[in-house]
> 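Structure below; questions to follow.
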Amino acid sequence: MPELVLHNSLTRRRERFVPLDPEHVRMYVCGPTVYDVPHIGNARPAVVFDVLARLLRSLYPRVTYVRNITDVDDKINARAAERGEPIGAITARTIVDYHADMAQLNVLPPDIEPRATAHIIEMLTLIERLIANGHAYAADRHVLFAVSSFPQYGRLSGRSPDELLAGARVEVAPYKRDPGDFVLWKPSPPDLPGWDSPWGRGRPGWHIECSAMAWRYLGETFDIHGGGSDLIFPHHENECAQSFCAFPGAQFARVWLHNGMLRVGGEKMSKSLGNFSTVRDVLAEAPGEAVRLLLLRGHYRAELDFTAAGLAESRRELDRFYRALDRVPAAAGPMPAPVPVPVMAALCDDLNTPLALAGLHALADAALAGDAQAAAGLRSAGALLGLLQADPAAWFRGAGDAGAIKAAIAERQAARRERDFARADAIRATLAGQGVVLEDGPAGTTWRRASTGEGAGQ
RNA sequence: GGUCCGGUGGCAGAGUGGUGAUGCAGCGGACUGCAAAUCCGCGUAUGUGGGUUCGAUUCCCGCCCGGACCUCCA
């Protein structure tokens, strides 16, 4: 088995991955807050950790991948009020949208997708434990985590408690003992979601849900916790604090992985800046597989500029891969080939997807030269990355009715036989204007839809 | 202001203490009626100034530039 190395945010170094239980690898990834359709930045962790889950499944006998849904949150409440729509309707619809969009990107469902609202009991249990352990206190119908009770606070984000306090720009609520204390539970008025608790009707703070759901499904200590780098502070720092203090002696997540942010025009893509594209917008411009490839063309920890040019380039790369698969029909056979070593080695090296893709290009070269084994390897390597599983014919020509195109091709063939090249070229130009590219080969003429920016009519 | 990350050819993007992958684009050639695709070949890069070293793009320091986090954010 190849050795898997991962960069651990907690130690800031690359470490050999050693699962707690080699028979059962456990991973938790922060999922979406469901108040709006997902944007392409939300898709990056989904895709990145989907690749990791696929890799882990190929390396270990059993993997449990948990990705939560946050369905209680002030942003959701605000959206509901603003639109005059019931909270449940917004979250239900957004979850459907999220699943649909992720499926378009070939993101497989996680093994467990728990919702925060279904785990209030676990949250309350944790909060009571924290109070009992002296790490939390009730004040003014809130329950707060006492940062000063946890000397290691700041370890994950690499900050000292003093720094964090000095940098606290948030308005400090009067009931906080310490400006850095954060809310575990807060009161909820009748018009907002709320649950009965020892401190009155209330709802959870942001961070406690992940501690609760990770505990519920993966235990006090598990292998991997993932999410966007913008979650390191405060979200993951606070999760760490809660879980460490609720379960003294346990390690919570042993390896922390964080994906870099997407950028647009050199700036982070974010809701607050308003510079985001929804997954839907992007899917109107390019196939989901091209979007996925674009997200994997950079290393997951690096920032990635999201550009139309990059998307078009990804599509052309896929054209070549699918051409290679098309060249050797055996590649579509039922027997999955082993993933070629260079690709596996690259992925095991802290998920180096750009290097793995270079390996795919080498396989494509060989396949185009007629190497059926390389084509089969390309298909397997693609499967590990969540790519190249479509029928090449579908990739190039889509599902629409091609009768008119085929008729035009037949007409052009007749003109060519009569050496009426002016006529033949005119037909080809007409098709090109419709975004159809012809390729004359020894076995006849084939056609495909032009990629973005290729040829006329695009 | 504090903390952290990064600056590689036209663009995207890896690796590496010993003259730098891969892709896209470009150029030349083969193939083609012409194209497309494919194949062959070509070109251009390690921000900057020091240091360590036999030797640095790779390690260390300064500087410049870009970005992230410190507040909701994937």
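Chain naming here is simple, since letters A, B, ... match the order of the sequence lines and numbering starts at 1 in each.
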> Name the nucleic acid region contacted by A:Leu231, choosing base, sugar-phosphate or nothing; use a 4.0 angstrom heavy-atom cut-off, strictly under.
sugar-phosphate
> OP1 or OP2 of B:C69 sitting under 4.0 Å from any side-chain N/O of A:Arg159?
no
> Would you call A:Arg297-A:Glu313 a salt bridge at under 4.0 Å N-O?
yes
> Rounded off to whole Å, could you give me the CG-to-P distance for the A:Asp365 and B:G41 pair?
11 Å
> Using the 3.5 Å cut-off, write out each protein N or O paired with an N or O of nucleotides 12-14 of chain B and the distance between them.
from: B:A12; atom 1: O2'; to: A:Arg297; atom 2: NH2; distance (Å): 3.4
from: B:A14; atom 1: OP1; to: A:His299; atom 2: N; distance (Å): 2.9
from: B:A14; atom 1: O3'; to: A:Asn352; atom 2: ND2; distance (Å): 3.2

> For the OG1 atom of A:Thr11 and the CZ atom of A:Arg254, what is their distance to the nearest 0.5 Å?
12.0 Å
> Expected output check: what is the dot-bracket annotation of RNA chain B, where ( ) and [ ] are pairs inside the strand (brackets for crossing ones), | is paired with another strand, and pairs are Watson-Crick or G-U under 3.5 Å?
(((((((..(((.....[...))).(((((.......)))))....(((((..]....))))))))))))....
> Could you tell me whether A:Gly260 contacts a base, only the sugar-phosphate backbone, or nothing, with contacts defined as non-hydrogen atoms closer than 4.0 Å?
base
> Do A:Arg159 and A:Phe233 form a cation-pi contact, if we require the NZ or CZ to be under 6.0 Å from the six-membered ring centre and within 45 degrees of the ring's axis?
yes
> Does the pair A:Glu317/A:Arg320 count as a salt bridge with the N-to-O cut at 4.0 Å?
no
> Once you apply a heavy-atom cut-off of 4.0 Å, does A:Gly310 come out as touching a base, just sugar-phosphate, or nothing?
nothing
> Does A:Arg315 come within less than 4.0 Å of A:Asp319, counting only side-chain N to carboxylate O?
no
> How would you label the contact of A:Leu262 with the nucleic acid (heavy atoms, under 4.0 Å): base, sugar-phosphate, or nothing?
base
> Quick one: does A:Leu283's side chain get under 4.5 Å of A:Val279's, heavy atoms only?
yes
> Taking only side-chain N and O atoms of A:Lys268, does any of them lie within less than 4.0 angstrom of OP1 or OP2 on B:A74?
no
> Strictly below 4.0 Å: does A:Arg320 bring a side-chain N or O up to OP1 or OP2 of B:C39?
yes
> Specify the separation, in whole Å, of atom CG of A:Asn77 and atom P of B:C72.
16 Å
> Within the structure shown, what part of the strands sits under 4.0 Å from A:Ser272 by heavy-atom distance: base, sugar-phosphate, or nothing?
base
> Scan nucleotides 32-34 of chain B against the protein and return all N/O pairs shorter than 3.5 Å with their distances rounded to 0.1 Å.
from: B:G33; atom 1: O6; to: A:Arg412; atom 2: NH2; distance (Å): 3.4
from: B:G33; atom 1: O6; to: A:Arg416; atom 2: NE; distance (Å): 3.2
from: B:G33; atom 1: N1; to: A:Asp425; atom 2: OD1; distance (Å): 2.9
from: B:G33; atom 1: N2; to: A:Asp425; atom 2: OD1; distance (Å): 3.3
from: B:G33; atom 1: N2; to: A:Asp425; atom 2: OD2; distance (Å): 2.5
from: B:C34; atom 1: O2; to: A:Arg428; atom 2: NH1; distance (Å): 3.4
from: B:C34; atom 1: O2; to: A:Arg428; atom 2: NH2; distance (Å): 2.3
from: B:C34; atom 1: N3; to: A:Arg428; atom 2: NH1; distance (Å): 2.9
from: B:C34; atom 1: N3; to: A:Arg428; atom 2: NH2; distance (Å): 3.4
from: B:C34; atom 1: N4; to: A:Asp440; atom 2: OD2; distance (Å): 3.1

> Let me see the working for A:Phe182 and A:His142 under ring-ring contact (aromatic ring centres under 6.0 Å, His included), right down to the final yes or no.
CA-CA 10 Å; A:Phe182 56 91; A:His142 292 68; over 10 Å; no
> In whole angstroms, how far is the C1' atom of B:A37 from the CG atom of A:Leu431?
17 Å
